Engineer: 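A single structure is presented below for examination.
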Amino acid sequence: MNLSFTRTMRVSRLMLVTLREVPADAEISSHKLLLRGGYIRRVTSGIYAYLPLMWRVLKKIIAIVQEEMDSTGALETLLPQLQPSELWEKSGRWQGYTEGEGIMFNLKDRQKRRLGLGPTHEEVITSLAGEMLRSYRQLPITLYQTQTKFRDEIRPRFGLMRSREFIMKDAYSFHSNEKSLKKTYEVMDEAYKRIFKRCGLNVLPVDADSGAIGGVASQEFMVTAEAGEDLILTSEDSSYAANQEKAVSIPKEAIPLVNPRESIIKTNFSGKIEDLCLSLELDPSQIIKVILMLAIIEEEKPQPILISLRGDQQLNEVKLFNTITSVLKTRIIEISPITPENINLECLPPLPFGSIGPDLSDEILAGAKTWSTKFLRVADYTATNLESFVCGANEIHRHKVCANWESIGNKPQAFDIRKAQAGDKCIHNKNQKLLAKRGIEVGHIFQLGRKYSEALGTNFTNESGALEAFWMGCYGIGVSRLAQAAVEQNHDEAGICWPSNIAPFEAIVVIANMKDSNQLDLGEKLYQVLKDNKVDALLDDRQERAGVKFKDADLIGIPIRIVVGRDAKEGNVEFWDRSSRTSKLINENSVVSEVISVIGRD
RNA sequence: CGGGAUGUAGCGCAGCUUGGUAGCGCACUUCGUUCGGGACGAAGGGGCCGCAGGUUCGAAUCCUGUCAUCCCGACCA
């Protein structure tokens, strides 16, 4: 990748094609602006061409990332995009990544060998490290690359935000012990904060689930923006921040149930908790709701799961997935709701959906064709902590009032599988409440531990001469996503307002009237002076009316605009700051110093 | 994959209900006027109406199939 820059460019030669109208398939501001500004073009679903302006932005981001990675002592490499299935079979991820909702593009070569188009590089790097790194003396090592990644997203959208082909910086560290891993993790955390700061982004680090990658600790870096796909919960004092997938909180107190007698009552239940509450004058926290899910497990029968939740709580499917994985100690491909349709396909009797209780008998699974015939029963703590509750009676339109766990059989095993909600009290401080924000994930750092090194059988010789699996960390930054997130966070009605460190050009000289020789000469002169002073400058030398040039400059978001216009004769020009939309008249002699003082140099 | 929608010029859209030789705005080309916030006038160029079948004397329009794209959910840098 050639990271050298042409410092200057004439707009007449830039292939600048801006759109006045918004393409119909763009939804969020950043996507619209990148299309309108001539930064990107869609080639097919989730796949974009980075046009010259965009490529300059990406190269600037990549350069910042490289500088900061290099400063931590990480080594840059470039790994293959085509990867053999064997490596992924060894790590146990081939099936999960290619079948079901798997996201790895995969193909067969002419020898009928299976290959995958890399969505990530843990397998390749770990096996390489196993070959290269034989002794603890060589450790720790961090390797990184900036690469195009491929993920066959279930639903590509929002331009570069969720695309099927994207640029990512990924780094992997190898250690002889956990302490060294934790140290590098901290170093990366700091480097990431510097990277995002230099890119001019407001980024919030949050606790995260480590998801498909696996591992112990992980942290995501979120660009806060309304258009973000993730829900983030933070405490009011900002001392706690987590992705909702991971967030923990103190649930609201349940309202005790007063009716003393246990009985079964007839309910005309629509299936909604609110309706049940209305008709029985209950609070949702007095109800136990039951959700049936099915876990598809690698090389085993699908496992039905019966989940009990307090009526006012929501199931956190990520926590559920992790819980079920640890309970069953197997690899789960996916967990999805049990529906009347798949009950039917299993040749099972219809279930009383809406009136299912935690004590639904395993007998109903007896005739299952392919499923396991016993429920795995789990509950959230909020459910098992209830003394007395209302729940389904396992018969249509029948509910049990004032049931308790003893009367309906034993308590299921309890876990934290509920969603923390905005408004909940924080664990670290009961006086703090959780606030909800939306965020775009631009970076993610993980302490992987020994998951991949053990799976792939890669090890080194430790101080005592014994073989040991590496401790590993991995660290990603979505470079192309970051560029778009920067736009999402820095724009106005008129267009993009690039942070100057990642703007395609730092300044644009606009000649208001190309037919005025004073303006033309001064414009050319200032352009040359900026170039000589190592400013990335554009010269708008098009035979267009001034208004068109101003609109375009605002749209493409160049941080500083120098307008050479009617005051050119006197050697005065307009200095316009894009983000504040303010201008002042300055003399040609102070242009360079003004520009440099605004863009800064780091 | 489930639910909803749309495919007509580079972009944004109308036309389809009620079949009759394809239209508007922007963009593009030429000329003239204009010239500091997406100018005006005149003249042009550009389309197998997503694709394939069918109905019909005749299909952008009706029918069937198919492909693609977008929106809502699961996925993630």
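Below, each value reflects all heavy atoms present in this structure, side chains not excepted, and no hydrogens, waters or symmetry copies. Everything quoted here is computed from the prediction, not taken from an experiment. First the proteins, then the strands, lettered A, B, ... as listed; each starts at 1.
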Engineer: List in chain and number order the residues that pass side-chain contact (heavy atoms from CB on, under 4.5 Å) with A/Ile103, two or more places apart in sequence or in another chain; answer none if no residue qualifies.
Structural biologist: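 Result, side-chain contact (heavy atoms from CB on, under 4.5 Å) vs A/Ile103: A/Tyr97, A/Arg151.
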Engineer: Classify every nucleotide of nucleotides 31-36 of chain B by which part a protein heavy atom approaches to under 4.0 Å, writing B for the base, S for the sugar-phosphate alone and - for neither, in 5'-to-3' order.
Structural biologist: ---BBB
Engineer: For the side chain of A/Lys319 and the backbone of A/Ala247, is there at least one donor-acceptor N/O pair under 3.5 Å apart?
Structural biologist: yes
Engineer: To the nearest Å, give me how far apart CZ (A/Phe150) and C1' (B/A77) are.
Structural biologist: 14 Å
Engineer: Look at all strands and tell whether A/Val548 reaches a base, only sugar-phosphate, or nothing, counting heavy atoms closer than 4.0 Å.
Structural biologist: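 Base, at least one base atom sits under 4.0 Å.
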Engineer: Is the shortest side-chain N/O distance from A/Thr44 to OP1 or OP2 of B/U69 below 4.0 Å?
Structural biologist: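 Yes.
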Engineer: Report the distance from atom CZ of A/Arg481 to atom P of B/C75, rounded to the nearest whole Å.
Structural biologist: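 For the pair A/Arg481 CZ and B/C75 P, the rounded distance is 13 Å.
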Engineer: Give a yes-or-no answer on whether the side chains of A/His444 and A/Glu441 include a donor-acceptor pair shorter than 3.5 Å.
Structural biologist: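 Looking only at side-chain atoms, A/Glu441 and A/His444 do form a donor-acceptor pair, the distance falling under 3.5 Å.
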Engineer: Rounded to whole angstrom units, what separation is found between the CE atom of A/Met293 and the P atom of B/G73?
Structural biologist: 17 Å
Engineer: Quote, to the nearest angstrom, the P distance that separates B/A68 from B/G23.
Structural biologist: 32 Å
Engineer: With RNA chain B as reference, determine whether A/Pro156 or A/Ile103 sits nearer its 5' end, using the nearest nucleotide of each.
Structural biologist: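 Residue closer to the 5' terminus by nearest nucleotide: A/Pro156.
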Engineer: Nearest to the side chain of A/Asp25, heavy atoms from C-beta on, is which of B/C70, B/A77, B/G38?
Structural biologist: B/C70
Engineer: Under the criterion side chain to side chain contact (heavy atoms under 4.5 Å, CB included), which of A/Ile296, A/Ile297, A/Ile335 is the partner of A/Pro302?
Structural biologist: A/Ile296
Engineer: With both distances under 3.5 Å as the test, what is the Watson-Crick or G-U wobble partner of B/U33?
Structural biologist: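 Base partner found: B/A39.
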Engineer: Going by ring-ring contact (aromatic ring centres under 6.0 Å, His included), name the residues that satisfy it together with A/Tyr144, two or more places apart in sequence or in a different chain.
Structural biologist: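 By the ring-ring contact (aromatic ring centres under 6.0 Å, His included) rule, A/Tyr144 matches no residue at all.
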Engineer: Mind checking A/Leu555 for me? I need base, sugar-phosphate or nothing, with any heavy atom below 4.0 Å counting as a touch.
Structural biologist: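 The residue A/Leu555 makes base contact.
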Engineer: Once side chain to side chain donor-acceptor pair (under 3.5 Å) is applied, do any residues pair with A/Asn344, and if so which ones, sequence neighbours excluded?
Structural biologist: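 A/Asn344 satisfies side chain to side chain donor-acceptor pair (under 3.5 Å) with no other residue.
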Engineer: Tabulate atom names and distances for all N/O pairs under 3.5 angstrom spanning the protein and nucleotides 23-27 of chain B.
Structural biologist:
residue: B/G25; atom: N2; partner: A/Glu21; partner atom: OE1; Å: 2.5
residue: B/A27; atom: OP1; partner: A/Arg20; partner atom: NH2; Å: 3.1

Engineer: Could you tell me the separation between the CZ atom of A/Arg42 and the C1' atom of B/U69, rounded to a whole number of Å?
Structural biologist: 6 Å
Engineer: When both hydrogen-bonding distances must be under 3.5 Å and the geometry is Watson-Crick or G-U wobble, what is B/G2 paired with, if anything?
Structural biologist: B/C72
Engineer: Applying a 4.0 Å non-hydrogen cut-off, can you work out what A/Ile154 is touching in the nucleic acid: base, sugar-phosphate, or nothing?
Structural biologist: base
Engineer: For a quick check of understanding: with a heavy-atom distance under 4.0 Å over all strands, which category does A/Thr148 fall into, base, sugar-phosphate or nothing?
Structural biologist: nothing
Engineer: Tell me which nucleotide, if any, is Watson-Crick or G-U wobble paired with B/G7 when both distances must be under 3.5 Å.
Structural biologist: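 Per the H-bond distance test, B/C67.
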Engineer: Run the salt bridge (Lys or Arg N to Asp or Glu O under 4.0 Å) test against A/Asp380 and tell me which residues pass, sequence neighbours left out.
Structural biologist: none
Engineer: In the structure shown, which nucleotide is the Watson-Crick or G-U wobble counterpart of B/C28, with both distances under 3.5 Å?
Structural biologist: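 Per the H-bond distance test, B/G44.
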Engineer: At 4.0 Å (heavy atoms only), tell me whether A/Asp170 reaches a base, stays on the sugar-phosphate, or touches nothing.
Structural biologist: nothing
Engineer: Quick one: label A/Asp230 by what it contacts on the DNA or RNA (base, sugar-phosphate, nothing), any heavy atom closer than 4.0 Å.
Structural biologist: base
Engineer: Name every donor-acceptor pair, under 3.5 Å, that has one atom in a side chain of residues 547-560 of chain A and the other anywhere in the protein, sequence neighbours excluded.
Structural biologist:
residue: A/Lys549; atom: NZ; partner: A/Ile511; partner atom: O; Å: 2.8
residue: A/Lys549; atom: NZ; partner: A/Asp540; partner atom: O; Å: 3.4
residue: A/Lys549; atom: NZ; partner: A/Arg542; partner atom: O; Å: 2.7
residue: A/Asp552; atom: OD1; partner: A/Thr18; partner atom: OG1; Å: 2.8
residue: A/Asp552; atom: OD2; partner: A/Arg542; partner atom: NH1; Å: 3.1
residue: A/Asp552; atom: OD2; partner: A/Arg542; partner atom: NH2; Å: 3.0
residue: A/Asp554; atom: OD1; partner: A/Arg561; partner atom: NH1; Å: 3.4

Engineer: Mind checking salt bridge (Lys or Arg N to Asp or Glu O under 4.0 Å) for A/Asp516 and listing every partner two or more places apart, or none if nothing turns up?
Structural biologist: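 Partners of A/Asp516 by the salt bridge (Lys or Arg N to Asp or Glu O under 4.0 Å) criterion come out as none, since no residue qualifies.
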Engineer: Distance between the P atoms of B/U8 and B/U61, in whole angstroms?
Structural biologist: 14 Å
Engineer: Does any nucleotide pair with B/C13 by Watson-Crick or G-U wobble geometry, both distances under 3.5 Å, and what is it?
Structural biologist: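 Answer to the pairing question: B/G23, which forms a Watson-Crick or G-U pair with B/C13.
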Engineer: If you look only at pairs with a residue in residues 13-39 of chain A, which of them pass as a salt bridge (Lys or Arg N to Asp or Glu O under 4.0 Å), with sequence neighbours excluded?
Structural biologist: A/Asp25-A/Arg42
Engineer: Let's test this: given Watson-Crick or G-U wobble pairing with both distances under 3.5 Å, identify the partner of B/A77.
Structural biologist: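 B/A77 is unpaired by these criteria.
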Engineer: Quick check: any donor-acceptor pair below 3.5 Å linking the side-chain of A/Arg162 to the base of B/C75?
Structural biologist: yes
Engineer: How close or far is atom P of B/C76 from atom CD1 of A/Ile232, stated in whole angstroms?
Structural biologist: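 In whole Å, B/C76 P lies 16 Å from A/Ile232 CD1.
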Engineer: Reckon A/Ser45 has a side-chain N or O less than 4.0 Å from the OP1 or OP2 of B/A68?
Structural biologist: no
Engineer: Starting from P on B/U69, measure out to CD on A/Glu27 and report it in whole angstrom.
Structural biologist: 17 Å
Engineer: Report each atom pair, protein N/O against N/O of nucleotides 2-7 of chain B, whose distance is under 3.5 angstrom.
Structural biologist:
none

Engineer: Rounded to whole angstrom units, what separation is found between the CD atom of A/Glu229 and the C1' atom of B/G73?
Structural biologist: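 So the two atoms are 12 Å apart, to the nearest Å.
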Engineer: Whole angstrom is fine here: how far is it from CG in A/Asn243 over to C1' in B/A77?
Structural biologist: 13 Å
Engineer: Taking only residues two or more places apart in sequence or in another chain, which ones pass salt bridge (Lys or Arg N to Asp or Glu O under 4.0 Å) with A/Arg418?
Structural biologist: A/Asp424
Engineer: Could you tell me which residues satisfy salt bridge (Lys or Arg N to Asp or Glu O under 4.0 Å) with A/Arg194, sequence neighbours excluded, listed by chain and number?
Structural biologist: A/Glu68
Engineer: Which residue in the set A/Val223, A/Ile167, A/Leu160, A/Ile440 passes side chain to side chain contact (heavy atoms under 4.5 Å, CB included) when paired with A/Arg481?
Structural biologist: A/Ile440
Engineer: When you measure from the centre of the six-membered ring of A/Phe505, is the NZ or CZ of A/Arg56 closer than 6.0 Å and no more than 45° off the axis?
Structural biologist: yes
